[in-house]
Visitor: 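Structure incoming, see below.
Not measured: the values here are computed from a predicted model.
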Amino acid sequence: MANLGSSSGKKSLNTVTLIFKLPYYTQWGQSLLVAGSEPALGSWNVKQGLSLSPVHQGNELIWCGRVSVITGFSCQYNYYVVDDNKNVLRSESGEKRKLVLPEGIQDGDVVEIRDWWQDASEALFLRSAFKNVIFSGTENAKRELQSTSLNKSLDSEDIVVQFIISCPRLGAGSTVVVTGSNPQLGNWRTQDGLKLKYVGDSIWKANCLLRKSEFPVKYKYCKISEAGVSSLEFGPNREVDVDLSSPKPSRYILLSDGALRESPWRGAGVAVPMFSIRSSEDLGVGEFLDLKLLVDWAVNSGFHLVQLLPINDTSVHGMWWDSYPYSSLSVFALHPLYLRVQALSDAIPGDIKDEIARAKQQLDKKDVDYEAAMATKLSIARKIFKLEKDKVLNSSSFKQFLSENEEWLKPYAAFCFLRDFFETSDHSQWGRFSQFSKEKLDKLVSEGTLHHDVICFHYYIQYHLYMQLSEAAAYARKKKVILKGDLPIGVDRNSVDTWVYPTLFRMNTATGAPPDYFDKNGQNWGFPTYNWEEMSKDNYGWWRARLTQMAKYFTAYRIDHILGFFRIWELPDHAATGLAGKFRPSIPLSQEELLNEGLWDFDRMSRPYIRQEILEEIFGSFWTVIAANFLNEYKKQCYEFKEDCNTEKKIISKLKTSSEKSLWLEKEDNIRRGLFDLIQNIVLIRDPEDNTKFYPRFNLEDTSSFRDLDEHSKNVLRRLYYDYYFARQENLWRENALKTLPVLLNSSDMLACGEDLGLIPACVHPVMQELGLIGLRIQRMPSESNLEFGIPSQYSYMTVCAPSCHDCSTLRAWWEEDAGRRSRFYKTVVGSDDEPPSRCTPEVVHFIVQQHFDAPSMWAIFPLQDLLALKDKYTTRPAPEETINDPTNPKHYWRFRVHVTLESLLDDKDIQAAIKDLVTSSGRSFPGKKVEGAEESGEKLAKVQLNGKP
């Protein structure tokens with residue numbers, strides 16, 4: 001029979017009253033309601049859900065609501081915070097709640113459902129990283145709850161309490177009991193407590209028959225291991241009471257108590273770019289199948305996580321510029337660079353095997369030779385493809401792969417063919433193929449064309465990449481190691497995605513970051529910004545598809561530049577640097593607002609302020625040459641840029657191509673910097689789409705344009721600057737993030753971490769906390785403005801802590817590059833007035849690494865270079881050579897390779913044992929057994945005492 005949501009009015013239907021109760025403190029204008037899968041709760045239409053009313057009960061605010069349903073009622077439901085118009089302001093995290101009424105309920109009974117708000121941080125342990133990896137294998141030990149019937153009929157003094165608790169971290173073979181202050185709960189003896197039964201989704205339940213006279217009842221939950229060891233939950237006693245003054249008190253109380261209160265779970269991991277891994281099998285660059293060795297090393301070292309940089313195809317330019325892993329050619333395709341050609345076939349001919357062996361020797365270099373590695377792998381893959389294409393393309397597994405991925409795979413293959421045919425990824429140069437259409441795509445990829453083998457080769461490469469990465473990912477899960485991916489904030493301007501979905505991007509703009517720790521001039525990444533309004537029309541389908549694709553391989557991911565989901569630093573596409581941008585979205589300064597403040601000379605403030613004395617100050621005696629070639633004098637000693645050099649990109653072009661370039665050839669860099677200083681010498685940026693709107697130029701007080709203003713204008717601009725960057729945008733940015741980020745988080749089961757470094761608006765951390773997003777803490781980049789160095793012992797639990805990351809120098813290089821900073825660190829963090837060692841010794845590394853292991857952060861994740869620095873043997877390479885990226889250089893070559901193979905690291909039992917000792921002594925979780933074979937009397941790693949301080 002259908003599960004009716006409410007009584008239809010027929011006398012034959014027995015009804016019960018449900019009373020929902022939830023403690024929750026709201027703000028003014030907010031209220032709560034419950035919506036669910038049945039009509040009585042709105043059929044998931046929140047506006048038709050059951051509204052709750054607030055009741056003060058002691059120190060708590062309890063939201064209550066009642067509804068009549070039939071006795072066989074069951075449903076899914078959740079709570080929502082809404083405004084006066086029932087617009088959702090906040091919703092619960094985690095799985096949908098399930099309501100199944102206990103057996104034995106009779107017509108007219110009252111069932112009270114007491115819930116706790118499902119917090120996002122609680123729901124983290126229901127994500128695949130924990131459920132399917134770290135705590136996988138526990139389901140086999142759990143049993144489905146059998147129907148429970150009470151041994152006696154209820155009389156007027158009886159109340160049935162159903163205890164419900166979530167235990168996502170329960171080990172295999174463990175059980176849960178509830179123990180408390182009366183005989184049914186064992187009188188606080190855990191061995192006599194009420195045993196709960198497992199009902200799925202990490203939920204345990206049991207019914208308990210109590211007399212009214214026994215209330216209130218104090219209790220706690222306790223888990224009992226397979227070996228019989230009991231562990232009582234933390235915190236104060238729980239309590240259940242009933243309102244006996246009610247004319248019809250509840251006969252049944254469903255006591256949903258949230259999660260078992262346990263000590264915070266903490267884990268550790270290692271971070272290394274895919275391309276940086278070195279093994280005895282690779283061809284000059286890390287390969288997906290190398291991850292199996294890395295996972296083994298991680299397990300031996302006590303790590304539950306391996307973190308990678310983005311692994312998508314970046315083959316835009318066909319040269320080493322494509323080594324930049326954050327500039328995707330396709331957000332769905334994997335990078336051919338990580339293919340293991342030896343695994344393409346079981347029947348590789350001898351001559352190709354010989355070619356592979358030679359390539360292995362030739363490419364075994366200190367750093368990645370991106371162009372040579374790519375060319376070699378694709379050349380060998382094409383030869384193998386010719387030999388086995390019919391076998392592979394006709395196989396059932398390939399056909400299934402093509403069927404499941406054709407929506408992105410066919411456009412990708414067509415794009416790669418057109419890129420190579422036209423010798424450019426700039427699809428605006430592709431003639432009639434510049435505009436994507438389904439009809440053109442179908443013709444491009446159809447069988448029978450002369451180039452169909454080329455299309456199929458791209459299918460073939462992606463198929464094998466999928467197979468190899470899937471094999472590595474399955475191996476990691478089996479070993480209880482999380483593979484953590486990276487979700488780049490942007491895509492390349494000349495990519496498959498901008499070709500297929502041009503309306504999703506603002507192609508006349510570029511993405512970057514304002515000046516910060518990484519670069520005092522800001523960063524310009526060159527990616528077009530997103531058209532969020534257009535993306536919202538299909539509920540961000542492109543993003544949802546990206547996350548679904550990532551979840552095939554990863555169980556956790558890093559959201560690159562999470563600030564971009566609050567607001568993005570948007571630059572005009574003619575900008576080369578990241579300084580003269582504005583935030584999008586943001587509330588600009590209106591012309592009317594500025595006039596009201598007494599500011600009226602908009603041209604003076606928004607055009608480059610160039611005076612003769614400024615030219616002399618920047619260029620010295622060379623100023624006349626600069627003026628003659630780049631500037632027009634529109635008023636005595638007042639200049640403006642000529643049309644052919646009035647943007648940063650035009651300046652770069654003119655410096656390279658001008659017939660007068662011999663005049664500045666030897667000092668081109670200095671001239672360019674000087675001209676950039678001139679073109680950025682403004683205090684207001686005029687909106688290119690609305691000339692009555694303005695944005696304060698970042699760090700406007702550093703400009704001579706600001707310096708030469710009158711005091712009134714300066715004071716007004718200072719105030720408006722602070723308001724624009726630190727006040728007026730907060731609500732807008734919060735609302736923007738709460739539109740987009742929940743879609744990402746709900747698109748997959750992966751654990752999400754956000755890279756929240758840089759200029760952090762005040763709204764960011766509260767939103768991340770609300771959504772259960774784990775933040776990032778790098779010790780040298782503290783989020784506290786009054787600190788030079790972060791204090792790991794004071795980090796919050798919902799963070800990843802690390803001594804360094806791929807966007808900055810390694811721990812060794814950072815220590816050795818600045819003597820003054822090193823001394824300050826030694827004094828304030830180590831607590832010593834002695835002179836610190838100039839070299840970053842293993843003792844120094846151990847001290848800093850141990851600080852991070854001991855931190856309260858949920859995760860401590862270390863770059864592999866920092867971990868290897870624990871042993872002198874691995875510090876022979878100059879420290880600066882281990883840097884992965886230089887954010888100040890937009891054309892940085894991403895080519896760092898670890899100088900030792902994974903096989904050698906696996907043979908080094910000492911370093912694995914030392915790292916695992918740091919993991920275990922810090923109380924962090926670890927997989928597997930102790931590392932075997934570490935010699936007690938062999939080479940010892942530093943178990944440090946720095947100047948007598950542990």
Side-chain angles (χ1 to χ4, degrees), residues 270-298 306 308-309 311 314-315 318-325 334-345 348-384 461 464-465 468-469 471-472 806 810 812 863-865 867-869 871 873-885 892-908 911:
V270 58
V272 62
M274 190 69 249
F275 57 80
S276 298
I277 296 171
R278 185 187 294 266
S279 77
S280 60
E281 289 298 309
D282 70 52
L283 264 63
V285 65
E287 298 167 349
F288 287 145
L289 289 176
D290 289 328
L291 289 172
K292 295 168 74 172
L293 292 176
L294 182 59
V295 164
D296 287 340
W297 185 84
V306 167
L308 304 175
L309 294 187
I311 53 171
T314 58
S315 307
M319 57 178 294
W320 66 262
W321 287 0
D322 296 336
S323 67
Y324 181 27
L334 298 172
H335 207 310
L337 187 68
Y338 306 130
L339 183 72
R340 175 155 294 168
V341 293
Q342 303 95 305
L344 290 177
S345 172
I348 298 176
D351 59 334
I352 297 180
K353 285 184 178 178
D354 292 341
E355 183 180 355
I356 293 171
R358 290 193 299 272
K360 196 181 292 185
Q361 283 187 323
Q362 293 165 358
L363 294 170
D364 188 21
K365 302 176 182 179
K366 182 180 75 172
D367 296 311
V368 176
D369 186 335
Y370 180 91
E371 293 173 18
M374 273 291 285
T376 301
K377 290 192 175 197
L378 290 176
S379 173
I380 293 171
R382 283 191 180 94
K383 293 174 183 177
I384 299 173
I461 293 294
H464 278 287
L465 288 166
Q468 292 180 16
L469 181 54
E471 180 181 333
H806 68 272
T810 61
R812 278 205 305 141
L864 182 58
Q865 306 97 297
L867 292 169
L868 295 184
K871 193 170 184 176
K873 174 182 177 180
Y874 300 116
T875 61
T876 54
R877 186 175 186 174
E881 292 183 4
E882 295 185 330
T883 298
I884 294 167
N885 178 38
H892 177 75
Y893 194 167
W894 298 61
R895 62 186 314 196
F896 165 71
R897 288 189 83 195
V898 179
H899 57 290
V900 59
T901 65
L902 286 170
E903 291 86 351
S904 297
L905 287 177
L906 280 164
D907 287 339
D908 189 337
I911 194 165

Visitor: Taking all atoms of both residues into account, what is the closest heavy-atom pair of Arg895 and Asp369, and its distance?
Guide: NH2-CA, 4.3 Å
Visitor: Between Trp894 and His806, how do the two ring planes meet: parallel, tilted or perpendicular, split at 30° and 60°?
Guide: tilted
Visitor: Is it true that a side-chain atom of Thr376 and a backbone atom of Ala373 form a donor plus acceptor pair closer than 3.5 Å?
Guide: no
Visitor: Applying side-chain hydrogen bond (donor to acceptor under 3.5 Å, both in side chains), run through Gln865 and Thr810 and close with a yes or a no.
Guide: CA-CA 7 Å; Gln865 306 97 297; Thr810 61; over 6 Å; no
Visitor: Using 0.5 Å steps for rounding, measure from the CH2 atom of Trp320 to the NE2 atom of His892.
Guide: 9.0 Å
Visitor: Before giving the answer on side chain to side chain contact (heavy atoms under 4.5 Å, CB included), spell out for Leu905 and Leu868 the whole-Å C-alpha distance, their side-chain angles and the decisive distance to 0.1 Å.
Guide: CA-CA 9 Å; Leu905 287 177; Leu868 295 184; 3.6 Å; yes
Visitor: Identify which one of Leu309, Val898, Leu308 satisfies the side-chain contact (heavy atoms from CB on, under 4.5 Å) criterion when paired with Pro273.
Guide: Leu309
Visitor: With a 4.5 Å cut-off on side-chain heavy atoms, are Ile277 and Asp282 touching?
Guide: no
Visitor: Run Tyr874 and Asp908 through side-chain hydrogen bond (donor to acceptor under 3.5 Å, both in side chains) and show every step you take.
Guide: CA-CA 11 Å; Tyr874 300 116; Asp908 189 337; 2.6 Å; yes
Visitor: Looking only at non-hydrogen atoms, find the nearest pair between Val285 and Lys377 and report the distance.
Guide: CG1-NZ, 3.6 Å
Visitor: Mind listing the closest non-hydrogen atom pair of Leu291 and Ala472 along with its distance?
Guide: CB-CB, 3.9 Å
Visitor: Taking C-beta and beyond as the side chain, do Pro325 and Met274 meet within less than 4.5 Å on heavy atoms?
Guide: no
Visitor: Can you list the steps and then say if Lys383 with Glu355 is a side chain to side chain contact (heavy atoms under 4.5 Å, CB included)?
Guide: CA-CA 11 Å; Lys383 293 174 183 177; Glu355 183 180 355; 2.8 Å; yes
Visitor: Using 0.5 Å steps for rounding, measure from the CG atom of Asp322 to the OH atom of Tyr893.
Guide: 10.0 Å
Visitor: Taking the side chain as everything from C-beta on, heavy atoms only, tell me whether Val900 gets closer than 4.5 Å to Lys873.
Guide: no
Visitor: Would a 4.5 Å heavy-atom cut-off, applied to side chains only, mark Leu465 and Leu469 as touching?
Guide: no
Visitor: Kindly compute the distance separating CG (Leu289) from CG (Leu339), expressed to the nearest 0.5 Å.
Guide: 9.0 Å
Visitor: Below 4.0 angstrom, N of the basic side chain to O of the carboxylate: do Arg340 and Glu281 qualify?
Guide: no
Visitor: Taking the side chain as everything from C-beta on, heavy atoms only, tell me whether Gln342 gets closer than 4.5 Å to Leu283.
Guide: yes
Visitor: So, for Thr875 and Ala869, which heavy atoms are closest and what is the spacing to 0.1 Å?
Guide: CG2-CA, 3.8 Å
Visitor: Please examine the side chains of Asp290 and Leu294, heavy atoms only from C-beta on, and report whether any two atoms are closer than 4.5 Å.
Guide: no
Visitor: For a quick test of reading the model, state the closest non-hydrogen atom pair linking Arg278 to Lys366 and the distance between them.
Guide: NH2-O, 3.2 Å
Visitor: Quick one: pull up CE in Met374 and CG in Leu337 and give me the separation to the nearest 0.5 Å.
Guide: 6.5 Å
Visitor: Taking atom CH2 as the centre, does Trp321 end up with more than 12 heavy-atom neighbours from other residues, nucleotides or ligands that are less than 6.0 angstrom away?
Guide: no
Visitor: So do Phe896 and Glu882 actually touch side chain to side chain, heavy atoms under 4.5 Å?
Guide: yes
Visitor: Do you know which two heavy atoms are closest between Pro878 and Arg812, and how far apart they sit?
Guide: C-NH2, 4.1 Å
Visitor: If I take atom CD1 from residue Ile352 and atom OG from residue Ser345, how far apart are they, to the nearest 0.5 angstrom?
Guide: 8.5 Å
Visitor: Can you name the side chain to side chain donor-acceptor pair (under 3.5 Å) partners of Thr901, sequence neighbours left out?
Guide: Ser904
Visitor: Going from CZ on Phe288 to OH on Tyr338, what distance comes out if it is rounded to the nearest 0.5 angstrom?
Guide: 7.0 Å
Visitor: What I'd like to find out is whether the side chain of His464 reaches to under 4.5 Å of the side chain of Val341, using heavy atoms alone.
Guide: no
Visitor: Does Asp364 form a side chain to side chain contact (heavy atoms under 4.5 Å, CB included) with Arg897? I'd like the steps, not just the answer.
Guide: CA-CA 10 Å; Asp364 188 21; Arg897 288 189 83 195; 3.9 Å; yes
